[in-house]
Protein chains: 2
Amino acid sequence: MVSLTPRAERLLKALIEQYIADGLPVGSRTLVKQAGLEFSPATVRNIMSDLEELGLIRSPHTSAGRVPTERGYRFFVNTLLAVKPLNTEDVASLEDRFLADQDPQQLIESVSGLLSQVTRLAGVVRVPRRAGAGFLQLDFLRLSASRVLVILVTQDGQVMNRVIHPKRPYSPAELQQAANVFNSAYAGRSLEEVRRSLVAALQRDSEDMQNILRSAVEMAHQVFAGEERGESPLYVSGESNLFAFPELSDTEKLRRLFDAFTAKQDLLHLLDQSMVSQGVQIFIGAESGYEALESCSVVTAPYEVDGQIVGTVGVIGPKRMSYDRVISIVDVTARLLSGALSHGQPS
Amino acid sequence: MVSLTPRAERLLKALIEQYIADGLPVGSRTLVKQAGLEFSPATVRNIMSDLEELGLIRSPHTSAGRVPTERGYRFFVNTLLAVKPLNTEDVASLEDRFLADQDPQQLIESVSGLLSQVTRLAGVVRVPRRAGAGFLQLDFLRLSASRVLVILVTQDGQVMNRVIHPKRPYSPAELQQAANVFNSAYAGRSLEEVRRSLVAALQRDSEDMQNILRSAVEMAHQVFAGEERGESPLYVSGESNLFAFPELSDTEKLRRLFDAFTAKQDLLHLLDQSMVSQGVQIFIGAESGYEALESCSVVTAPYEVDGQIVGTVGVIGPKRMSYDRVISIVDVTARLLSGALSHGQPS
DNA sequence: CCTGGCACTCGGAAAGCGGGAGTGCTAAGA
DNA sequence: TCTTAGCACTCCCGCTTTCCGAGTGCCAGG
């Protein structure tokens, strides 16, 4: 990576902070005044020129000030940024928000709203892939002759359900029996294991399989199929906060961005990506690799249940965002969420 | 209501259709050419002048063409619009979309996406208030010493669940027993009845109540409380389609609109309002009574389960929308949805 | 009552015009 | 060698001006 003189670093830092604050290209004169530098605008211009050669800043046009490039932001967050820990009352106010909801599913959902409110940007939450969770219980409930409700419960209290239409009617007793067989066979295994086992069972010659169990397997398989093809476990909140930023007000960009929010595909990939490593991750502009996000930055942090990373929380905003604040908030939120999910309830 | 000469009606109809088509104020000359009228621009101007006095159209400024006012649109949809029934292949393609999903809950959710796709506007769906549905079964599942998962199933196959934290630990056997008592007491009653009965039971002196049943009641009550305060049963899709309309591209309006989409409160009220009467309803601009929707029109139709209105589907777009097309689509969709929900599965 | 004609109005695009902010360069001073 | 003041230059931005054309309202003749 590039190395800069201390002075140049100081200058770059001041410039980026200024630009983050008001979004206007910043020139040498204003920079000197604003940052209280002890050297003259001319000197600043020289240094700026160097920074521009290094690709850290650029001028939008000949006679405007400079704005940070993506490389500039990257350098800024990598080496210039002192992430100030959130002051205690901020942390406390965040903590308060975590006590309100007890249901883990709801809690997780609410976090995206929480993030968007305190950062005034868009908040996202990637909820755990259920396939990894432990299987607890399966229930078959007869709704009518042709419709059976399958309810699948995981050990962490998540519930999936699905109405299926079996090929022949079953009596409640049969259904009960099927569920029992199923539950005793798979109790405590992970959903992924259950799934693999099911696939194997279905491929095996099943002539000698009891009809009822076979149905149970088929039903459960349908549940997994439904899981598989989507209901994408991703929540986005506060999208409309992004209207406030003039650099995003180009209608076409906005449309792309909102399409990405609803399509969710790209966001999912991005958040999954950030699940592999621990701690806060930052994607600046094109770094995310998705066109729709190219004028945005994304700050993410994975959260855990009992030491195991299961999902990601994050914030999406313009590249010009208060990284220090956002980073702390995302970090603390991920920690708090991990805590809230790991040990039952506080009281 | 105002009455117009046949010629004026024809003119107004042509004008509005033209304006709907391209969104430009339409002048006398273009109107004559476009609509193939057999009288001259001057005559058209005279008639337009009359229409303007009646408040059906207006000029944005002295020398632009005319655009419809809200009254104009209203008159248009009330008396000028011949809702052409959808041609059969369109209906068929809609029907196809209803076969894919079988789970009623999922089906209902998917309809908003369907509507937004075929109209290229925003689709909304108000899902049934679950309180009216019939109670089928309650289950208590022990997740840990301090956490119990409550699962409540209605007769139409909807599942609600919630994790609660009882004051003292219960054994699986106790939970099972509690569920049994509860289920035999309330099987088949409507949720509303169950709820009322619960409240009464809780108020009654409960000293002599078995501790376990009391807990069951409390748990179930918590489930209802969760139901009560929200999880607003409303789906919106295709919001980003609205970016395409220049008349909505004012950032401030857009922000308001999207805030309304996420707050949902106003939309809920509006859709509830349209549940009271049968058939398609149309709210043009300020008619909806909500500021955020003042440059939009909303077309809604209630849907039923077994003859009973339970929810509403609808479309939100600019006032300048193809009412005939949208009305048919919303109408057919509501009917198809009613059909799909009323009798099990087709095959 | 319709229609062609005509003067008029007004918005919007293009063009012109400072002013100002900011730059790069140069030359002098530390 | 580095800093700084000075200066010419550039180019955006906001302002006005101009011009064009679409559209109107009105009038007078069919």
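Note that the structure is predicted; figures quoted are calculated from it, not measured. The analysis underlying the following values was restricted to heavy atoms, covering all of them including side chains, and did not include hydrogens, waters or symmetry mates. Numbers restart at 1 for each chain; the letters A, B, ... are given by sequence-line order, proteins then strands.
Here C/dG24 presents its P atom at 10 Å from CD of A/E53, a figure rounded to the nearest Å. In this structure, B/L37 atom CG and C/dT3 atom C1' are separated by 15 Å, rounded to whole Å. One atom, CG of A/N46, and another, C1' of D/dG6, lie 14 Å apart when rounded to the nearest Å. Distance, B/R58 CZ to D/dG23 P: 16 Å, rounded to whole Å. Counting to the nearest Å, the C1' atom of C/dG24 and the CE atom of A/M48 are 13 Å from each other. Between the CZ atom of A/F39 and the C1' atom of D/dA5 there is a distance of 17 Å, rounded to whole Å.
An OP1 or OP2 oxygen of D/dT4 is reached within less than 4.0 angstrom by a side-chain nitrogen or oxygen of A/S40. Taking only side-chain nitrogens and oxygens, B/R29 never comes nearer than 4.0 Å to OP1 or OP2 of D/dT24. Under 4.0 angstrom from either OP1 or OP2 of D/dT3 there lies at least one side-chain N or O belonging to A/R7. Applying the 4.0 Å criterion to OP1 and OP2 of C/dC2, one finds that B/R45 has every side-chain N and O outside that range. Contact check, A/S28 against C/dT23: a side-chain N or O comes under 4.0 Å of OP1 or OP2.
Using a 4.0 Å cut-off between charged side-chain N and carboxylate O, B/K13 and B/E17 make a salt bridge. Comment: A/K319 does not engage A/E247 in a salt bridge, judged by the lack of any side-chain N to carboxylate O separation of less than 4.0 angstrom. Checked for salt-bridge contact, A/E294 and A/R256 miss the test: no charged N lies under 4.0 Å from a carboxylate O. In this structure, B/R71 does not pair ionically with B/E53, as no charged nitrogen and carboxylate oxygen lie closer than 4.0 Å. At a threshold of 4.0 Å, the pair A/E52-A/R58 does not count as salt-bridged, since none of the basic side-chain nitrogens sits closer than that to a carboxylate oxygen.
Distance from the side chain of A/H61 is smallest to D/dC12 among D/dT24, D/dC12, D/dA22.
Residue contacts for B/A64: at a heavy-atom cut-off of 4.0 Å it reaches the sugar-phosphate backbone alone, with no base atom in range. No contact: B/S59 has no heavy atom under 4.0 Å from any strand.
Where B/T43 and B/T62 each meet DNA chain C at their nearest nucleotide, the meeting point lying more 5' is that of B/T43.
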